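Just so you know, these numbers come straight off a predicted model, no measurement behind them. Below, chain A is the first sequence line, B the second, and so on; all start at residue 1.
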There are 2 protein chains.
Amino acid sequence: MAILWCEEMSRQDQKRNKVTLLDVAKHADVSRATASLVVRKSPLVGTETRQRVEAAMRELGYVYNMGAARLRAERSHTIGVVVPNLTNPFFAELLGGMEASVGAAGLVMIIANSGDGPSRQAAVLQRLREHGVDGIILCPAAGTTDELASQASGWKLPLVQALRHVTDELDYAGADYVAGMEEAVDYLVSLGHRTICFAVHGPIHSAYRERVQGFRDAMKRSGLQPELVIRVPDRVDQIAQEADAVFAQGKAPTAVICFNDLVAHGLAAGFYDRGLKIGRDISLIGFDDVADAEAMRPRLTSVSTAPNEIGRRAAALLLDRIARPALPPRRWINPTRLHIRDSCSPLSSS
Amino acid sequence: MAILWCEEMSRQDQKRNKVTLLDVAKHADVSRATASLVVRKSPLVGTETRQRVEAAMRELGYVYNMGAARLRAERSHTIGVVVPNLTNPFFAELLGGMEASVGAAGLVMIIANSGDGPSRQAAVLQRLREHGVDGIILCPAAGTTDELASQASGWKLPLVQALRHVTDELDYAGADYVAGMEEAVDYLVSLGHRTICFAVHGPIHSAYRERVQGFRDAMKRSGLQPELVIRVPDRVDQIAQEADAVFAQGKAPTAVICFNDLVAHGLAAGFYDRGLKIGRDISLIGFDDVADAEAMRPRLTSVSTAPNEIGRRAAALLLDRIARPALPPRRWINPTRLHIRDSCSPLSSS
DNA sequence: CCTGGATTTTAGATCGATCTAACGGCGTTA
DNA sequence: TAACGCCGTTAGATCGATCTAAAATCCAGG
């Protein structure tokens, strides 16, 4: 007896006193199978039995073991999210939106960082595969090729692209960068600006190309010089230092459109340092409309891309595809909106 | 023959043509156990055999099944991270730091959002438990009580607190908010300021209390009025609107210390709107020193708390504890540093 | 040639859930 | 009365890895 007890204790210790479905079943005097049906809220089980089992679960402090369930059922209730960079507030907003959708559906997110490089991205995708995720939301790293589509279909793993896309064969959730940029240009043109510069930075990917394309198309449509695209550094303090770059090519622009709000922030600081007053000496438009746009002085006019909403939509797209894998590829392009504040003014004197 | 083939195909289809360790073993002409030793890089297996198995893995496109491994081995190579809020760039930095440490150790992070509320926090903790995480990094939601410690030990789940703490019985990684605040006060005092206000917002938790305490201690030590603590709204645009609140109590302060950089941003905008020039009419100090501090004009003097580093340390603490659960509780308090820029100036006229 | 010890390899049980196919009880119909 | 369908329940196989304990192999020394 004493020996038996010892053995039981050591077993408990070894197993970290885990309560299994079998324990619950015994305690409620039903079979393992019935208990399983109860935890999964199956309608097959009788009301009285259900209540007895639920009571047993509560009494024993049972916690469901997803790992074991996954092994048998091929569903992990887990999705993978790969972004190029965690620290960027823009991606943080995106993740926030995803978490809302994904969490509401009862799944959890594994997040991974690709560092915006294809080799690291391949490694993290492999890792997610090993963890048996039910699907992946990927913001493709710069340099990702369209063989991503064939890989994903070979893996039989639902995959949606977010913010950037490299293939039409997979779902995609992003913003209408082209239209957003056109709206920004048209607005400046309506204020009388004729020499408009586009300040870009960062790695080159679909969202980058679409913004450039939107800028050029709109400039051409207005009969203006479409080639005034200037690259600036990545860090905000360096952007400020090298703000002059904007004036280095040909005629000095009277307005600058920025690749994102970070560039706008940097240029605003740089212009300030040079004694240029934004909204009077030069007009400035940002892109993304993150929270800080409201805090700048003068307030920054910016094209809103609503990363939160894109995240939500990307998650919805993925959940749909997990439910019906054979669906044809879909895309959800979030409309953008020019949020007009105080950083632009009509061109008065030239 | 044809029938057999069909059967095989349908099995493949059903199983999503998954390659298992048994397939690899057969292909390499060894046992399942040996193959398992190879994937886990055990030194027990001979060189020639190892190579044969590795070749088989490559040829068949084998992917490791963590789920199955976890079931047997009680290690999921997964940790859970709970933050109050994904969208805050501060937490984004924290996550970035964690990801670096955790990823390097070969684990992945499941992230969850507590919404800074204890009930939702309880739900996500339960969810993480169901997913069998090896440990949890938790930034305790406002209102979390110290029974967290007994819960965690009951769950036998390694848990480290990050940024905020509710108990001494669990590991903790945070910043030295008290010292940081004292340094800020002392700096302003050394510039001649005597009436200094502390502008706070957000929910109340240990990090909040420590900052207030640091402020009051330092003010008292300098013989100054320690009660000038003012609450401002949460959103940056509302902070700007209500910046006057800073002057509403007693004598008007000549310097303001902010709870974080977001408050500093809002107040800076509000002061600008009222024609006050920062660094001349009023001095301003931020807290956290996130990227934007450098982009403000004038540049924002701010107390750097290095969330990235805290994230890295929290992860290291957790990995240590997973390796040796019996370790006494430890804490890592990141030193803060006052990053002096241009938003403060000596008090000349009064 | 046999023995002992170290090194490699293996069969079989096991983790905790889900799934399949079947079972008993009950009311209905032929 | 036998046959049938329906409902709630269940035993036993199964998922893909790991672990344990023992077996096979090899080599040196007596």
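Among residues at least two apart or in separate chains, salt bridge (charged side-chain N to carboxylate O under 4.0 Å, His left out) pairs with a member in residues 45-58 of chain B are B:E48-B:R52. Residue pairs meeting the side chain to side chain donor-acceptor pair (under 3.5 Å) criterion with at least one member in residues 310-325 of chain A, sequence neighbours excluded: A:D171-A:R321, A:N308-A:R312, A:E309-A:R312, A:E309-A:R313, A:D320-A:R330.
In this structure, B:N65 atom CG and D:dG16 atom P are separated by 7 Å, rounded to whole Å. Between B:K26 atom NZ and D:dA17 atom C1' there is a gap of 15 Å when expressed in whole angstrom units. Rounded to whole Å, the distance from CZ on B:R75 to C1' on D:dA17 is 16 Å. For the pair B:K18 NZ and D:dG16 P, the interatomic distance rounds to 7 Å; values are reported in whole Å. Following rounding to the nearest Å, B:L21 (CG) and D:dT18 (P) show an atom-to-atom distance of 7 Å. In this structure, B:Y62 atom OH and D:dG16 atom P are separated by 10 Å, rounded to whole Å. The CD atom of A:E74 sits 10 Å away from the P atom of D:dC15 (whole-angstrom rounding). Put simply, CZ on B:R72 is 19 Å from P on D:dT14, counting in whole angstrom units.
For D:dT18, the OP1/OP2 oxygens have a side-chain nitrogen or oxygen of B:R40 closer than 4.0 Å.
One end of the helix from C:dC1-D:dG30 to C:dA30-D:dT1 points its axis 70° away from the other end's axis, with each axis taken from 5 pairs and the angle rounded to 10°.
Judged as a side-chain contact (heavy atoms from CB on, under 4.5 Å), and not counting sequence neighbours, the contacts of A:L71 are B:N65, B:A68, B:L71. Contacts of B:N88 classified as side-chain hydrogen bond (donor to acceptor under 3.5 Å, both in side chains), with partners at least two apart in sequence or in another chain: none. Under the side-chain contact (heavy atoms from CB on, under 4.5 Å) criterion, B:D23 pairs with B:V19, B:T20, B:L60, sequence neighbours left out. With sequence neighbours left out, A:S206 forms a side-chain contact (heavy atoms from CB on, under 4.5 Å) with A:R164, A:H165, A:R209, A:E210. By the side-chain contact (heavy atoms from CB on, under 4.5 Å) test, A:A35 is found to be paired with A:L21, A:A25, A:V53, residues two or more places apart in sequence or in another chain being considered.
The existence of a salt bridge linking A:K156 and A:E74 is excluded, since no basic side-chain nitrogen approaches an acidic carboxylate oxygen closer than 4.0 Å.
Considering only the side chain of B:V39, D:dT18 comes nearest among C:dA17, D:dG16, D:dT18.
Note that CE of B:M98 and CD1 of B:I137 are 4.0 Å apart. Values are rounded to the nearest 0.5 Å.
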Could you write out each protein N or O paired with an N or O of nucleotides 7-11 of chain D at a distance under 3.5 Å?
| unit_1 | atom_1 | unit_2 | atom_2 | d |
| --- | --- | --- | --- | --- |
| D:dT9 | OP1 | A:T49 | OG1 | 2.2 |
| D:dT9 | OP2 | A:G46 | N | 2.9 |
| D:dT10 | OP2 | A:S31 | N | 2.9 |
| D:dT10 | OP2 | A:S31 | OG | 3.2 |
| D:dT10 | OP2 | A:T34 | OG1 | 2.4 |
| D:dT10 | O5' | A:S31 | OG | 3.4 |

